[in-house]
Amino acid sequence: MKDYKDNPYFQLFSAQKNNHFKVSQSTSKARKKKLSVLQKAIESTYREEIVDALQKDLGKPKVETELTEIYQIIAEIKFAKRNLNQWMKKQSVSTPMSMLGASSYYIHEAKGVCLIISPWNFPFNLTFGPLVSAIAAGNTVIIKPSEMTPHSSALMAKIVADIFDESEVALVEGEVEASTKLLELPFNHIFFTGSPKVGKIVMEAASKHLTSVTLELGGKSPTIIDKTANIDKAAKKIVWGKFLNAGQICICPDYILVDESVKSKFIKACKKWLDHYFSKNPKASNSYGRIVTDNHFERLNSYLKNAKQLNAIFEVGGKTDADSKYIEPTIISDIKPEAKLLEEEIFGPILPVLSYNALDEAIAYVNSKERPLALYIFSKNKANVNKIINNTKAGGTCINNSIIHYANHNLPFGGINNSGIGKSHGYYGFEAFSNKRAIVKQHTFGITELLFPPYTNLKEKLAKFTVKWF
Ligand code: NAD
């Protein structure tokens, strides 16, 4: 095995490696106890500090922190605790007649030493959510959170150090360099949440050890609205989903494709809901967040400038303030295809509205881009909904709503190709951190033994009989 002695994280990795069999043999009771300790830390001990850290890092309103960070982690923990006994049970399967005398089952065994790399937009949820699945599956874990949200990362480091032994769960803070060094090590599984660009770097590093990966990535999630949709309700749900966390959500509606005949009605309804949610002055609203860093602010500002240069129509918003990293909720129409807003994942509070005359045009547009993490459909016409689902691909879809599929832990969450590989949440998260180990137990004489060498004419006949009848 390669010598990793110069790697700054090798000692930590080795401590977990030495411990991982013990952890993987832990009972469901022991794992649930660990999850309860994490639950208590999030729900009570550190709850106020979490709210405070997110206020500092993202200007995140308290209600949003409760709903999109604390609630999501607690829901994941409760779901895992409720179902863990069932998930950990050996799963019997039938055995073909040709193997008479044997029985078969599979178990979910822990993968071993895992790495979780998380992003900044929901720092607690997207770090502790996968951690819940990793613990439930019986793994040891090293976490590397994002450097972009330093208050949140420092608090997570404190929480992890407080409640876990580092030979079981440890958190490493640091910039990209820390990720790069960690990625050199031969982990048994890597769970990465972040951009498709970095996802490729992670996958390349993982390939050196043939380490399995779950990649929760991003991209441009389209929203299609047809002329039969309830436009007011569509606007209410889209404006909520788009401007939550100031648009810094992997599954927020990235752009709209609306039937031309209802486009102005839709934009008018969006204006109404924006006023309702954030008032006429969103900057003063305590329901509206801020952009995470100066770099991301500049990136979004450059999209706005580019749209202006291309003579797009600013239906709402467009104002910015660099000092407070504020970008007004903005809706833009009449955008040229080459605009940056239509090429890159926006990941901010800017909503481009495109229109179509025939549904096929909208479908063709979606299919001309990378496969999205989410695709939203607003329609009352069942045939249209089915047509869109059957002729596009996406990680997940909401019909007549946005975002909320994320919150159902009975559903797999994840992307497809450019928007991700593998699934998370509930059982699917547990599955991602488990190896399904196939086991066949021979009880008595096995019929297969009749076919062992030396091969005779009789055995040839028996083999043919097996092919024909079993
Ligand atoms: P990012 O890819 O820039 O960073 C994610 C993590 O990777 C961070 O911890 C960062 O330190 C690390 N990293 C950055 N560059 C690296 C490199 N060269 N080598 C190794 N590690 C590196 O993503 P981000 O800006 O933190 O988050 C935004 C992106 O994440 C968006 O594309 C968004 O759609 C996506 N996202 C996806 C989900 C999901 O569940 N699918 C959730 C949230 C965000």
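Start at 1 and go down the list; that is how both ligands and their atoms are numbered.
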Protein residues that have a heavy atom under 4.0 Å from any atom of ligand 1, sorted by chain and number: I117, S118, P119, W120, N121, L126, K144, P145, S146, E147, V176, S179, L183, F192, T193, G194, S195, P196, V198, I201, E216, L217, G218, C250, E345, F347, L373, F413
Salt-bridge present (E66, R47; N to O < 4.0 Å): yes
Shortest non-hydrogen contact from I416 toward A394: CG2-C, 3.7 Å
Charged N-O contact under 4.0 Å between E168 and K34: yes
For I142, the option from I116, V172, V169, I117 that meets side-chain contact (heavy atoms from CB on, under 4.5 Å): V172
Any pair counted as side-chain hydrogen bond (donor to acceptor under 3.5 Å, both in side chains), so long as it reaches residues 304-319, sequence neighbours left out: E315-S333
Donor + acceptor pair across side chains of N7, E184 (<3.5 Å): yes
